[in-house]
Structure formats: C-alpha cells, structure tokens
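Here the structure is laid out as structure tokens; the discussion comes afterwards.
Index from 1, following the sequence.
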Amino acid sequence: MRIGHGYDVHRLTEGRNLIIGGVDIPFERGLLGHSDADVLLHAVCDSILGAAALGDIGKHFPDTDEKYKGISSIELLRAVGELLYKSGYNLQNIDATIIAESPKMAPYIEKMRQNIAQALGVDISIISVKATTEEGLGFTGKKEGISAHCICLID
C-alpha cells in the first residue's frame, strides 16, 4: 500500500468560469490558471502521481505547453488514472478537501464525486470530497483564492 498527498491553489479572478471537481459552479469569479484551474482535480492528480512516485501534474502537463491551455482537468485526471493503472497500481481511496470561503460547495459535492469516479473508472464509494472555510483567515478566507488538499491510497 502507498499513500499520496496533493495540494493545489489558484487565485480567483474576473472573467473565468469557476470549475471545481469538473462542475461549473455559478459564481462571479473563476480560478486563474493555464488549464481550467480546477484546484480539486489538480490536487487529486498530484496525490495519485505522488503515491505511485510518478512525479507531479506539472511534469506530465506543463503550463508551458499550449496543448494544455484551457484543457478540462477531467481529461488530465483520466490521463493520470491511465498512468496509474499502466504502472500496475489500483486506487483504493481518495479523500479530498476544498478550502473556500464562498461559494458554498455542498450542493455540488455529489456531482464532483461522480466526476472523479467516472474519470478514474472506480466506484463512487471510494471517493470522498469535503469542503470547509477558513473563517475569514488567510487568502482563502479573504476570498482571494481557493485551495484543495487530497490524499489517496493505492496498492
């Protein structure tokens, strides 16, 4: 058994859609990034890659490569799943936390879980997604950005 941890953060900005967990969430700002800037899926990708000692998301999908500009992070997650399975590992569990002062994530969490499970070809029962605030503290608390942490277990 192996454990991986992933973390990602993106700044909130005008003129972008807010995509988290592959869900387009209605909000006045979105996340700034080369791809769709989906902090949750980026953290999930890094946790899986880390557990399998396959590097990180930047190694496989560099933000200097134009073919990844604006790409859906669901596509990146699918590719990471393929790398994991080709390396001989199986995913046993994902536990992720989104840190955002607003918008509220609860209405979207079930769809996020479904998107992750579908992209990785696993049962939704092994996917956990939670959300919390930082009670007004730090950059997420001041609504400057959104971050996510993820751990996973593979064997």
Side-chain angles (χ1 to χ4, degrees), residues 4-51 54-85 91 93-134 136-152:
H5 175 262
Y7 171 77
D8 195 43
V9 60
H10 286 278
R11 177 181 301 277
L12 282 163
T13 189
E14 302 288 331
R16 299 256 315 188
N17 289 349
L18 180 60
I19 312 287
I20 300 179
V23 178
D24 193 342
I25 299 171
F27 195 58
E28 66 266 12
R29 295 181 291 158
L31 294 169
L32 182 62
H34 186 70
S35 66
D36 62 5
D38 188 324
V39 293
L40 174 59
L41 297 187
H42 293 181
V44 172
C45 285
D46 268 348
S47 71
I48 293 169
L49 291 167
L54 295 172
D56 62 25
I57 196 170
K59 173 185 174 183
H60 294 278
F61 316 105
D63 63 6
T64 55
D65 192 329
E66 283 300 306
K67 73 180 173 185
Y68 301 119
K69 185 168 180 60
I71 193 170
S72 167
S73 294
I74 289 286
E75 296 304 317
L76 303 181
L77 183 58
R78 280 191 189 110
V80 166
E82 289 174 16
L83 285 170
L84 178 74
Y85 304 134
L91 188 61
N93 175 257
I94 285 176
D95 184 23
T97 304
I98 305 160
I99 301 108
E101 205 66 26
S102 63
K104 294 296 182 194
M105 298 292 153
Y108 310 103
I109 285 179
E110 192 62 23
K111 182 61 177 161
M112 292 174 190
R113 292 178 65 224
Q114 291 170 4
N115 289 344
I116 294 167
Q118 184 177 24
L120 293 170
V122 298
D123 192 273
I124 194 170
S125 66
I126 70 166
I127 310 296
S128 172
V129 175
K130 307 173 300 299
T132 191
T133 70
E134 290 195 302
L137 300 173
F139 70 90
T140 57
K142 294 176 184 166
K143 302 179 184 179
E144 296 172 358
I146 295 176
S147 64
H149 287 270
C150 182
I151 57 171
C152 76

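A salt bridge links Arg78 and Glu75; the closest N-O separation between the charged side-chain nitrogens and carboxylate oxygens is under 4.0 Å. Between Asp95 and Lys130 there is a salt bridge, with a side-chain nitrogen of the basic residue lying less than 4.0 Å from a carboxylate oxygen of the acidic one.
Between Phe139 atom CZ and Ser147 atom OG the span is 4.5 Å, to the nearest 0.5 Å. With rounding to the nearest 0.5 angstrom, the CD1 atom of Ile74 is 11.5 Å from the OG atom of Ser35. One distance of note links CZ of Phe27 with CD1 of Ile146; it measures 6.5 Å at 0.5 Å rounding. Expressed to the nearest 0.5 Å, how far CG of Leu84 lies from SG of Cys45 amounts to 11.0 Å. One finds the CD1 atom of Ile109 at 12.5 Å from the CD atom of Gln114 (value rounded to the nearest 0.5 Å). Taken from OG1 in Thr97 to CE in Met105, the straight-line distance is 12.5 Å, to the nearest 0.5 Å.
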Report the C-alpha distance between Leu40 and Val129 in whole Å, list the side-chain angles of each, state the deciding distance to 0.1 Å, and finish with yes or no for side-chain contact (heavy atoms from CB on, under 4.5 Å).
CA-CA 9 Å; Leu40 174 59; Val129 175; 4.0 Å; yes
Steps toward salt bridge (charged side-chain N to carboxylate O under 4.0 Å, His left out) verdict (Lys69, Glu66):
CA-CA 5 Å; Lys69 185 168 180 60; Glu66 283 300 306; 5.4 Å; no
What do the steps show when you test Leu31 against Asp38 for side-chain contact (heavy atoms from CB on, under 4.5 Å), and what is the final call?
CA-CA 7 Å; Leu31 294 169; Asp38 188 324; over 6 Å; no
Would you please test Leu18 and Val23 for side-chain contact (heavy atoms from CB on, under 4.5 Å) and show each step?
CA-CA 8 Å; Leu18 180 60; Val23 178; over 6 Å; no
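At a cut-off of 3.5 Å, with distance as the only test, a side-chain donor of Thr140 or Glu134 sits close to an acceptor on the other residue. His42 and Asp8 form a side-chain donor-acceptor contact under 3.5 Å, judged by distance and modelled atom types alone.
Checking side-chain atoms of Asn17 against main-chain N and O of Ile19 turns up no donor-acceptor pair under 3.5 Å. Checking side-chain atoms of Arg29 against main-chain N and O of Glu14 turns up no donor-acceptor pair under 3.5 Å. For the pair His10 (side chain) and Leu32 (backbone), a donor-acceptor distance under 3.5 Å is present. Formation of a donor-acceptor pair under 3.5 Å by the Asp36 side chain with backbone atoms of Ser73 is found in this model. Not a single donor-acceptor pair under 3.5 Å links the side chain of Arg11 to the backbone N or O of Gly33. Panel note: side chain Ser102, backbone Lys104; no donor-acceptor pair is recorded below 3.5 Å.
The two residues Asn115 and Gly21 make their nearest non-hydrogen contact at ND2-O, 2.9 Å. For the pair Cys150 and Ile94, the tightest heavy-atom approach, listed with the atom from each and the gap, is SG-CG2, 3.6 Å. Minimum interatomic distance between Ala43 and Ala148 (heavy atoms only, all atoms of both residues): CB-O, 3.6 Å. Between Gly141 and Glu101, the shortest heavy-atom distance links the atoms CA-OE1, 3.3 Å. Shown here for Lys67 and Asp65, the closest heavy-atom pair between the two residues is N-OD1, 3.0 Å. Minimum interatomic distance between Ile57 and Asp46 (heavy atoms only, all atoms of both residues): N-OD1, 2.7 Å.
Put simply, the side chain of Leu41 reaches to within 4.5 Å of the side chain of Ile116, judged on heavy atoms. The shortest side-chain heavy-atom distance between Leu83 and Leu49 falls under the 4.5 Å cut-off. Between Ile25 and Met112 the shortest side-chain heavy-atom distance falls below 4.5 Å. Counting only heavy atoms from C-beta outward, the side chains of His60 and Val80 never approach each other to under 4.5 Å.
Within a 6.0 Å radius of CZ in Arg16, more than 12 heavy atoms belonging to other residues, nucleotides or ligands are found.
When the side chain to side chain contact (heavy atoms under 4.5 Å, CB included) test is applied to Glu82, no partner is found at least two apart in sequence or on another chain.
Classification of the Phe61-Tyr68 ring pair by plane angle, with boundaries at 30° and 60°, yields perpendicular.
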Tell me which donor-acceptor pairs under 3.5 Å the side chains of residues 118-126 have, and how far apart each pair is, sequence neighbours excluded?
from: Asp123; atom 1: OD1; to: Ser125; atom 2: N; distance (Å): 2.8
from: Asp123; atom 1: OD1; to: Ser125; atom 2: OG; distance (Å): 2.7

